[in-house]
Amino acid sequence: MRLSEFQDSFKHTMLEPDHLDNDVLRNAFRQDHGICLENRMKVYRNNVVRSLIDAAMAALPMTEKLVGREFLEQAMRAFVVNNLPSQGNLNLYGMEFPDFVQAYEPAKHLPYLQDFTRLEWLWEAAYYAPDDLPLDPAELMNIAEEDMPNLQFSFRKSLALLDSEYPLDEIVDFCRAEDQKNLQQLSDRGCKLMIYRPDLKVELRRLDDAEYLFLATIQNGQTIHETAEILVVHYPDADLTPLLQKHLQLGTFTSFKIRR
Amino acid sequence: MKPYPYMDKNAYPLPDSPFRAAGIGLRAKHYEDILEEKPDIGWIEVHPENYFGGGTHRRYLAKARELYPLSLHAVGLSLGSDQPVDEEHMRQFKELIDIFEPFQVSDHVSWSASGNAHLNDLLPLPYTQETLQRLCDNIERVQNYFGRKILVENPSTYVSFTTDEMSEYEFMNRIAEKAGCDVLLDINNIYVQSVNHGFDPYHYLDNIKPEFVREMHLAGHTEREFEDGTILVDTHNRPVRDEVWALYEHGVKRFGAAPTLIEWDGDIPALSELVAQSDKAQSFIDKHHKSEVLAHAAE
């Protein structure tokens, strides 16, 4: 029996219990103490599936509170057996779960679950994002006035924007509250959010429509001048300067360059 | 981009090898406690995979590293797979070695990668010449890439094979001889296997060559009942059993004051309970090797 043949047979037997009529593994199996191969393989199957469920669920503590541990575990079990990780680094294993849950029949009555699990995954990704330092606003002091409109800002590596048609912020408030037992009627509105990690802890900020457009436009690589022009078309009352100052204070950006 | 100061090695002389042999696994739940309480332990161990990519975990590890010597104990190299070790996995691992300067680097005598799937468990190997060759090729690849020796740990297994050409202890000795690596002896794994496969765990210990053993592991295990018998599963979720302590004492006499780790990964208790387990391990070492440890510390 070649090692490659053995490992292939072991994998299939472990993942698909019906595969046990596979002769390669059965012929090599030593019958210790009367415990059958099927039961021994159950230990491995349980170790693998359980550890993957735990790894993927660790990113979703709020979803667990929202839908209950049992429901989430069942959904995750269905996810992991069809989405084995491709590498030994499991820190972001399960990031495709939001797309999976959208098509998951038992979750059809929870239309916000796809966006809400996506929010939690962005949170987790921010936690694992490489460290960087916020842009020091003093660095902008020496920029020539004519260069100001051509500034392009880069975001912190942990930063993500999320635009949802569901009030995810209300669901977060529910999950964080200790005394609330049931999710109240959700508002009939969407929300726009910014997720980032200024230092050790991940933060979530609600954005209004103009602020979201401002950040999304900068994220898209537009200069300050271009951003101002886009902003005024959609929100004639919005003022770019206080928005820029606010996000310099928050540490939203990590660097800038001047487009020549 | 400005580099982030993970560790200012000029500002903090990093603790080197441990003077106290018993250490504990550092888990996220204890980050704040360990930095605040600074318990009297010899060293800490983490799975490098949890620190790949950066982020908040690394910041805590950097702070803990300023207090204790560190061992990086991997679970994802898949040294026993019939395919080369993943290059990207080695690259990220090496990055951590360069930053955190561990005194030990280790992984397991097992496999988990098959094709493009990572099966996330330490799966068993048939102990054949072919397996020995594949495993040693991978260990040599890793040692060359890291520019240092690694340790490999004996696994817990729940199935064994008629195709074995040698015993596990023989296999462990042969790996160390052939690949030039060291052995991390997990005492709980030997005990678990002795029950699951029916052999004498003391005979196993007595046949491991002492010169290869540079670390020992201790952990708790769980019984899993089936209609045709009971299997011991290496669950790392409870205190070390008395039978395993007894086997460990035998190991301490045979292998000397090797760094010893208490592993606890599930149902993680208060830090004080983990430290108490490490104190117990230390007491066995002190009982049999007190003078040796002090002589080493005085050098």
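All chains are named by letter (A, B, ...) in the order of the sequence lines, taking the proteins before the strands, and each is independently numbered beginning at 1. All heavy atoms count here, side chains included; hydrogens, waters and symmetry mates do not.
For B:R58 and A:D131, the salt-bridge test fails: no basic side-chain N is under 4.0 Å from an acidic carboxylate O. In summary, A:D199 and B:R59 engage in a salt bridge, as defined by a charged side-chain N under 4.0 Å from a carboxylate O.
Note on A:K11, A:Q31, A:M14, A:K42: by heavy-atom pairs under 4.5 Å with chain B, the leading option is A:K11. Of the listed residues (A:V43, A:V48, A:L15), the greatest number of heavy-atom pairs within a distance under 4.5 Å of chain B belongs to A:V43. When each of A:N91, A:L84, A:N46, A:V49 is scored by its heavy-atom pairs under 4.5 Å with chain B, the top score falls to A:N91. Heavy-atom pairs under 4.5 Å with chain B peak, among A:Q7, A:R40, A:R197, at A:Q7.
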- Message: Quick one, A:K201 with B:T56, criterion side-chain contact (heavy atoms from CB on, under 4.5 Å). Give me CA distance, side-chain angles, the key distance, then yes/no.
- Response: CA-CA 8 Å; A:K201 291 196 163 53; B:T56 302; over 6 Å; no

- Message: Go through it in stages, so that I can follow the logic: the residues are A:N47 and B:Y158, the test is side-chain contact (heavy atoms from CB on, under 4.5 Å), and I'd like the CA-CA distance, side-chain angles, deciding distance and then a yes or no.
- Response: CA-CA 11 Å; A:N47 281 357; B:Y158 313 111; 3.9 Å; yes

- side-chain contact (heavy atoms from CB on, under 4.5 Å) between B:E130 and A:R2: does it pass, once the steps are laid out? CA-CA 8 Å; B:E130 188 202 2; A:R2 305 281 304 171; 3.4 Å; yes

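Between B:N120 and A:S51, the side chains place a donor N or O and an acceptor N or O closer than 3.5 Å (distance only, hydrogens not considered). Checked by atom type, the side-chain pair A:Y128/B:H57 shows a donor-acceptor distance below 3.5 Å. Donor-acceptor pairing under 3.5 Å is recorded for the side chains of A:N39 and B:E227.
For the atom pair CG of B:D228 and SG of A:C36, the computed distance is 4.5 Å after rounding to the nearest 0.5 Å.
A:L92 does not touch chain B: none of its heavy atoms, backbone or side chain, sits under 4.5 Å away. Both the backbone and the side chain of A:N89 come within contact range of chain B, each with at least one heavy atom under 4.5 Å from a heavy atom of that chain. Of the two parts of B:P124, the backbone and the side chain both hold a non-hydrogen atom closer than 4.5 Å to a non-hydrogen atom of chain A. Proximity to chain B is limited to the side chain of A:F6, based on heavy atoms less than 4.5 angstrom apart.
Side-chain atoms of A:R30 never come within 3.5 Å of backbone atoms of B:T162 as a donor-acceptor pair (strictly under, hydrogens ignored).
For the pair B:F52 and A:L90, the minimum side-chain heavy-atom distance is 4.5 Å or more. Within the 4.5 Å cutoff, the side chain of A:Y93 has no heavy atoms near those of the B:H118 side chain. Using a 4.5 Å heavy-atom threshold, the side chains of A:L3 and B:W111 count as separate. Annotation: side chain of B:Y60 is in contact with side chain of A:L200 (closest heavy-atom distance under 4.5 Å).
The six-membered or imidazole ring of A:F29 lies away from that of B:F161, with a centre-to-centre distance of 6.0 Å or more.
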